[in-house]
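Here is the structure we will look at, set down as structure tokens.
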2 protein chains.
Amino acid sequence: MDAIQDEAVSKRARGLDRAFEILDFLRQKRQALKPNEIAAQIGAPRSSVYELVNLLLSNGILEFTGGEGRVYLGRKLYFLGAAYENHFDFTRECEAALEQLADETRETAQFCMLDGNKYTVVRMREGARPFRISTDIGQSVPIPWTASGRLLVAHLPDQEILNFIPQQDFRLPNGEWLDPQSFIAEVRQAEREGLFTFNSIVDSFTHCFAVPVRGEQGHAAATLCLVTPRDDGIANRDRYLDCLKKAAAGLEHAPARPRRG
Amino acid sequence: MDAIQDEAVSKRARGLDRAFEILDFLRQKRQALKPNEIAAQIGAPRSSVYELVNLLLSNGILEFTGGEGRVYLGRKLYFLGAAYENHFDFTRECEAALEQLADETRETAQFCMLDGNKYTVVRMREGARPFRISTDIGQSVPIPWTASGRLLVAHLPDQEILNFIPQQDFRLPNGEWLDPQSFIAEVRQAEREGLFTFNSIVDSFTHCFAVPVRGEQGHAAATLCLVTPRDDGIANRDRYLDCLKKAAAGLEHAPARPRRG
DNA sequence: CATTTTTGTCCGCTATAATGTACATGTGAT
DNA sequence: ATCACATGTACATTATAGCGGACAAAAATG
């Protein structure tokens, strides 16, 4: 079941993969692009991209927008995403949990998941401070940069974790190199304790708290996090962790519930 | 630019199309299914479906859920849909408009769009009546069955409308046949007046009001609707239409707004 | 103007993706 | 036990999808 890396210098890409590469690229760019630009920037043959874009357009997966023949993600994707959200109905409880956390702690609260082999903030509630600490929703961040990351991969064996996370993601934003073995150690610690906290390694003034939200198979399907100023976080550590655990417990009951069954 | 209809009895289906056929099918079913079931129900070769499902699984487009090898729409779709929603940032204003409508009229208010060649309720706010009139979100409904349908296709020439809407969608739920020409006439009337209202043809007790929400190119990108008991609707017709138009006007300002541009 | 770059279309070649078929296993009915 | 059916896998065949490259219009550049 482990995916083969494409070692071979690349033969022909499969249409489906190319298509989702295009979609992911547009999502990452967060703006409409011309087919030509897409081709150039993802390094794919122009003729292929043109053909795929036209196919996706005619399916409603992409839409013309922004003029000049630019395309962006289409309505169909919204509908499909809404169906996912509806099936794994975490949104309602999730918002409630974040609200509760924000009320109790006045800190920024986040609900995070994996997106492929990256970490992503799915929903967020800003804290009530004069200077709020905030994050972009839906941005892909290397797993090792985050507290949640330790929890989200904890169900995997060591070696699979190392295969799963791209090498370069252990290079921290300040240029330092995070030793994968110490990362693994932190993962195991997080797994044992059911939480992870640290002074953020992506900046110099925040402290992060993360606890798992366990899914169907019992491993962390998501995390709830608090992002706080360092001194506040350290001062309120126990209380904050209690709040997080309470909120996470409230989320763990209604995972997947089909309509009719 | 007009799409060719696939007259030919069908040769080989393209992977991409098959893939999105699978996704749409799962959305429609609103439940996890085994690959085998999918193949049988959409009438596709089993081997093809198995291959595609595996591809989609490895991309995060589909996910195992519900056990027994059943699959359903995956997290990646949620992320892509969220990016769409974020780009065409209608959600916030949309909820506000529905809230306002529900407050002012106490009737069920809906925000509707086309999904391919079907009509879909994207968001809804139930009215404040003891017996609420409600609809399922995200269900695909034939365009001719709905008041909004008249507005959503009004930008097309007559012939293209007839090409666009599947023949069988003119068969109403009560078995009657709606003459396409009278449908077209209603479309043109709706276009002239900038609204459409009628006693619903999908049941015997509701009256429907729809006004367009115009998008980039000036045609109805969506509609705002009220679904009311017949007598209330007819009694309050003018007021309700005013409320709808006011709410729609509030939505028409922020259509597509790229992040940086 | 001439020249270069960007953008979109068209077409032939061939690697390969979609398919049909056969096979293997599990499950339940008779 | 035997049969029927549902479910998943493996493989050879061949229609075609992805690709490269040619062409041309349009836009930018000099």
Side-chain angles (χ1 to χ4, degrees), chain A residues 1-26 29 31-59 61-72 258 261, chain B residues 1-26 29 31-59 61-72 258 261:
Chain A
M1 273 297 165
D2 33 3
I4 309 294
Q5 303 294 4
D6 46 333
E7 299 263 11
V9 271
S10 92
K11 310 226 169 184
R12 280 190 189 183
R14 186 180 279 240
L16 241 186
D17 292 331
R18 213 50 120 185
F20 283 109
E21 193 182 351
I22 291 172
L23 298 184
D24 260 342
F25 181 71
L26 287 172
K29 285 287 183 182
Q31 61 177 294
L33 292 173
K34 300 181 190 181
N36 213 28
E37 299 174 312
I38 298 174
Q41 298 188 47
I42 69 176
R46 294 195 311 131
S47 51
S48 303
V49 172
Y50 272 100
E51 183 176 356
L52 286 172
V53 164
N54 283 327
L55 264 179
L56 294 170
L57 281 169
S58 71
N59 275 323
I61 311 295
L62 289 180
E63 283 176 15
F64 282 118
T65 179
E68 312 261 318
R70 270 180 274 262
V71 298
Y72 193 66
Chain B
M1 272 298 163
D2 35 2
I4 310 294
Q5 304 293 2
D6 46 332
E7 299 264 11
V9 270
S10 94
K11 311 227 168 183
R12 282 190 187 184
R14 187 180 277 241
L16 240 185
D17 292 330
R18 235 4 147 204
F20 283 109
E21 193 182 352
I22 292 171
L23 298 184
D24 260 341
F25 182 70
L26 287 172
K29 285 288 185 182
Q31 62 176 296
L33 293 172
K34 301 182 189 183
N36 212 27
E37 299 173 310
I38 297 173
Q41 298 188 47
I42 70 175
R46 294 193 314 128
S47 50
S48 303
V49 172
Y50 272 100
E51 184 177 356
L52 286 172
V53 164
N54 283 327
L55 264 178
L56 294 170
L57 281 169
S58 70
N59 275 323
I61 312 295
L62 289 180
E63 283 176 16
F64 282 119
T65 180
E68 313 262 316
R70 270 181 273 263
V71 297
Y72 193 65

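Order of the sequence lines fixes the chain letters, A, B, ..., with proteins taken first and strands second; residue numbering starts at 1 for each chain. This structure is a prediction, so every number in the text was calculated from the model and none was measured.
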(request) Please state how far atom CD in A:Glu51 lies from atom C1' in C:dA17, giving the value in whole angstrom units. (result) 13 Å
(request) Can you tell me the distance, in whole Å, between the CD1 atom of A:Ile42 and the C1' atom of D:dC19? (result) 14 Å
(message) Please give me the minimum heavy-atom distance between B:Leu55 and A:Arg14, naming the atom from each residue.
(response) CD1-NH1, 3.0 Å
(request) Using atom CD of B:Gln41 as one end and atom P of D:dA6 as the other, report the distance to the nearest whole Å. (result) 12 Å
(request) Kindly indicate whether the side chain of B:Arg46 and the base of C:dG20 share any N or O donor-acceptor pair separated by less than 3.5 Å? (result) no
(message) Tell me if a side-chain donor or acceptor on B:Glu37 pairs with a main-chain N or O of B:Lys34 at a distance below 3.5 Å.
(response) yes
(request) For B:Gly69 and B:Pro35, work out which heavy atoms get closest and say how close. (result) O-CD, 3.6 Å
(request) Of all the heavy-atom pairs spanning B:Thr65 and B:Tyr72, show the shortest one and how long it is. (result) CG2-CB, 3.5 Å
(request) Considering just the side-chain nitrogens and oxygens of B:Arg18, establish if one lies under 4.0 Å of OP1 or OP2 belonging to C:dT19. (result) yes
(request) May I ask you to say what B:Ala40 touches in the nucleic acid, namely base, sugar-phosphate or nothing, with a heavy-atom cut-off under 4.0 Å? (result) nothing
(message) Distance check needed: C:dT16 P versus A:Leu16 CG, whole Å only.
(response) 16 Å
(request) Grab the CG-C1' distance between B:Asp17 and C:dA17 for me, whole Å please. (result) 14 Å
(message) How many whole angstroms separate atom OH of A:Tyr50 from atom C1' of D:dA17?
(response) 19 Å
(message) Check this for me: does the side-chain of B:Arg12 come within 3.5 Å of the base of D:dT14 through a donor and an acceptor?
(response) yes
(request) Walk me through it: do B:Asn54 and B:Leu62 pass the test side-chain contact (heavy atoms from CB on, under 4.5 Å)? (result) CA-CA 9 Å; B:Asn54 283 327; B:Leu62 289 180; over 6 Å; no
(request) Kindly say if B:Arg14 contacts the phosphate of D:dG18, meaning a side-chain N or O under 4.0 Å from OP1 or OP2. (result) yes
(request) Take B:Gly69 and A:Pro45, find for each the nucleotide of DNA chain D with the closest heavy atom, and name the residue whose nucleotide sits nearer the 5' end. (result) B:Gly69
(message) In whole Å, I'd like the distance from the CD atom of A:Glu37 to the C1' atom of C:dG8.
(response) 13 Å
(message) Quick check: any donor-acceptor pair below 3.5 Å linking the side-chain of B:Ser47 to the base of C:dG20?
(response) yes
(message) If you assign each of A:Asn36 and A:Gly15 to its closest nucleotide in DNA chain C, which residue comes earlier from the 5' end?
(response) A:Asn36
(message) Measure CG/B:Asn54 against C1'/D:dG8 and give the value in whole Å, please.
(response) 10 Å
